[in-house]
Amino acid sequence: MMRKNIIPRLLNVHPEKLACCFHTIVSSCFLACYISMAVTVLIADNKYLTNRFLADGFASMGYLFSMWVLASETICFGMYTAIDILGLYYKQSEKAVKMSKTLRTVASHMLFSVVFPLSVVVLILFWGFYFYDRELIYPAILDELLPPFINHMMHTYPVPLSILYMFTDIKKEPPKYKTLGLLTVFMTIYSLLFIDARKKRGQWIYPALEALTPLGAIWVLTSSLIGSFVFFFLGYYLYGKIKDMRSYIKQKVKELKSL
């Protein structure tokens with residue numbers, strides 16, 4: 001009897017309320033990630049700050065690809081939380097409605113152009129090097145310094161989160177020519193800065209690349225660049241499947257409500 005009562009209630013929960021809860025949790029997790037990193041660095045013991053790997057990592061923070069992608073993810077996911085706030089508290093305001101539409105457009109473009117494809121690149125590169133030799137990318141000493149969830153917020157969770165946002169928030173995918181242009185600009189700017197840092201320092205900012213042969217480093221970088229565009233088109237293909245799945249689920253929900 002209890003199950004029969006619960007199912008109709010769940011089916012009658014407004015999707016926007018569920019999406020709002022989802023957005024709030026995601027944004028809170030990213031905010032907690034930034035706060036934890038900042039606090040960790042501020043209170044870190046001297047042995048961590050003098051560690052060569054960590055010291056170089058902190059000094060190169062602005063050049064790390066994962067940090068650029070993390071910032072993009074935070075902005076994109078945060079926009080959906082802002083849209084929820086505008087919808088909840090300023091729904092009668094025309095200005096708020098226009099702002100929500102603008103934010104939704106920008107967020108959807110970011111999701112398809114940068115967030116999804118580059119999150120996949122980060123996941124593959126990081127965990128590939130991690131299982132090959134973690135000391136080259138995320139040494140064991142970091143386990144003493146940073147909680148595990150920070151590692152996963154940066155390198156793992158954004159991929160499934162991006163797919164969930166496609167499922168819950170994207171009603172129509174943005175034009176490919178626009179998002180492809182955004183991805184090209186993003187990768188061009190980062191690549192120029194990355195190569196410039198290599199020239200100035202005389203070495204790669206990533207120890208993992210220094211451990212490879214010159215040919216191996218070029219192969220990894222070229223594959224990453226090409227992969228970002230491959231995953232860009234994969235994102236659109238995946239969204240096509242998501243739309244079909246969403247239609248199927250809506251039909252099943254209607255059938256359950258009619259029982």
Side-chain angles (χ1 to χ4, degrees), residues 29-30 33-34 36-37 40-41 44-45 47-74 114-163 183 186-235 238:
C29 288
F30 273 92
C33 178
Y34 283 110
S36 296
M37 284 194 292
T40 298
V41 172
D45 188 89
K47 74 171 182 176
Y48 300 114
L49 299 178
T50 55
N51 178 277
R52 183 178 177 183
F53 182 95
L54 298 183
D56 290 344
F58 291 141
S60 305
M61 195 74 73
Y63 292 97
L64 298 180
F65 188 63
S66 57
M67 294 303 297
W68 279 52
V69 178
L70 179 65
S72 301
E73 293 159 354
T74 305
V114 176
V115 175
F116 175 76
L118 300 189
S119 294
V120 178
V121 171
V122 168
L123 184 146
I124 293 173
L125 280 177
F126 177 81
W127 290 110
F129 277 115
Y130 185 94
F131 289 115
Y132 172 71
D133 184 354
R134 70 167 296 179
E135 295 300 315
L136 295 175
I137 195 76
Y138 196 86
I141 192 173
L142 277 172
D143 292 339
E144 304 174 17
L145 187 63
L146 299 173
F149 89 92
I150 291 182
N151 181 16
H152 290 293
M153 284 302 297
M154 293 178 65
H155 307 114
T156 310
Y157 299 148
V159 173
L161 285 175
S162 299
I163 296 172
L183 175 60
F186 184 98
M187 292 303 296
T188 299
I189 293 173
Y190 179 78
S191 297
L192 291 174
L193 291 173
F194 186 79
I195 293 171
D196 183 61
R198 170 71 174 82
K199 289 179 179 178
K200 289 178 178 178
R201 301 180 183 206
Q203 62 181 17
W204 298 110
I205 61 171
Y206 286 104
L209 293 177
E210 284 296 318
L212 300 175
T213 62
L215 184 60
I218 292 172
W219 184 88
V220 168
L221 294 173
T222 303
S223 299
S224 302
L225 182 60
I226 295 172
S228 65
F229 291 93
V230 171
F231 296 131
F232 167 84
F233 289 104
L234 175 64
L238 185 62

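All residue numbers refer to positions in the sequence shown, counting from 1.
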Note, L125 side chain near V220 side chain (heavy atom, < 4.5 Å):
yes
Taking all non-hydrogen atoms of both residues into account, name the closest pair between F232 and P117 and its distance.
N-CB, 3.6 Å
Measuring from atom CD of E73 to atom CE of M154, what distance do you get when rounded to the nearest 0.5 angstrom?
9.0 Å
Considering only heavy atoms from C-beta outward, does the side chain of V120 approach that of F116 to under 4.5 Å?
yes
What distance do C33 atom SG and H152 atom NE2 have between them, rounded to the nearest 0.5 Å?
11.5 Å
Taking C-beta and beyond as the side chain, do L146 and N151 meet within less than 4.5 Å on heavy atoms?
no
Interatomic distance, CD1@I205 vs CE@M61, rounded to 0.5 Å, equals 11.0 Å
For R201, which residues count as a salt bridge (Lys or Arg N to Asp or Glu O under 4.0 Å) partner, sequence neighbours excluded?
none
Does OH in Y34 sit with more than 12 non-hydrogen atoms of other residues, nucleotides or ligands closer than 6.0 Å?
yes
Evaluate the side-chain contact (heavy atoms from CB on, under 4.5 Å) criterion for residues L118 and L183: first the C-alpha distance (whole Å), next the side-chain angles of each, then the deciding distance (0.1 Å), finally the verdict.
CA-CA 9 Å; L118 300 189; L183 175 60; 4.0 Å; yes
I need the F231 CZ to S119 OG distance, nearest 0.5 Å.
11.5 Å
Ignoring hydrogens, what is the shortest heavy-atom contact between V115 and S72? Give both atom names and the distance.
CG2-O, 3.9 Å
Can you tell me which residue among F65, Y63, W204 is in a ring pair (Phe, Tyr, Trp, His ring centres under 6.0 Å) with F194?
W204
For a side-chain contact (heavy atoms from CB on, under 4.5 Å) check, start with the C-alpha distance between M153 and M37, then their side-chain angles and the critical distance, and finish with the verdict.
CA-CA 11 Å; M153 284 302 297; M37 284 194 292; over 6 Å; no
Heavy-atom closest pair, residues L212 and A208:
CG-O, 3.3 Å
Heavy-atom pair of closest approach, residues P139 and F53:
CD-CE2, 3.1 Å
Side chain of S228, backbone of L225: donor and acceptor closer than 3.5 Å?
yes
Mutual orientation of the aromatic rings belonging to F126 and Y130 [parallel < 30°, tilted 30-60°, perpendicular > 60°]:
tilted
Look at the aromatic rings of W68 and Y190 and report parallel, tilted or perpendicular, splitting at 30° and 60°.
perpendicular
Distance-minimising heavy-atom pair for F229 and F233:
O-CD1, 3.1 Å
Enter the distance from Y157:OH to S162:OG here, rounded to the nearest 0.5 Å.
14.5 Å
Kindly give the heavy-atom pair with the smallest separation between Y206 and S66, and that separation in Å.
OH-N, 3.9 Å
As a quick check of understanding, evaluate side-chain contact (heavy atoms from CB on, under 4.5 Å) for L145 and L54, giving each step before the final call.
CA-CA 10 Å; L145 187 63; L54 298 183; 4.2 Å; yes
Please walk me through it: do L221 and L209 pass side-chain contact (heavy atoms from CB on, under 4.5 Å)?
CA-CA 9 Å; L221 294 173; L209 293 177; 3.9 Å; yes
Check whether any side-chain heavy atom of Y138 sits under 4.5 Å from a side-chain heavy atom of D143, and report yes or no.
yes
In Å and rounded to the nearest 0.5 Å, what is the NE2 to CH2 distance from H155 to W127?
8.0 Å
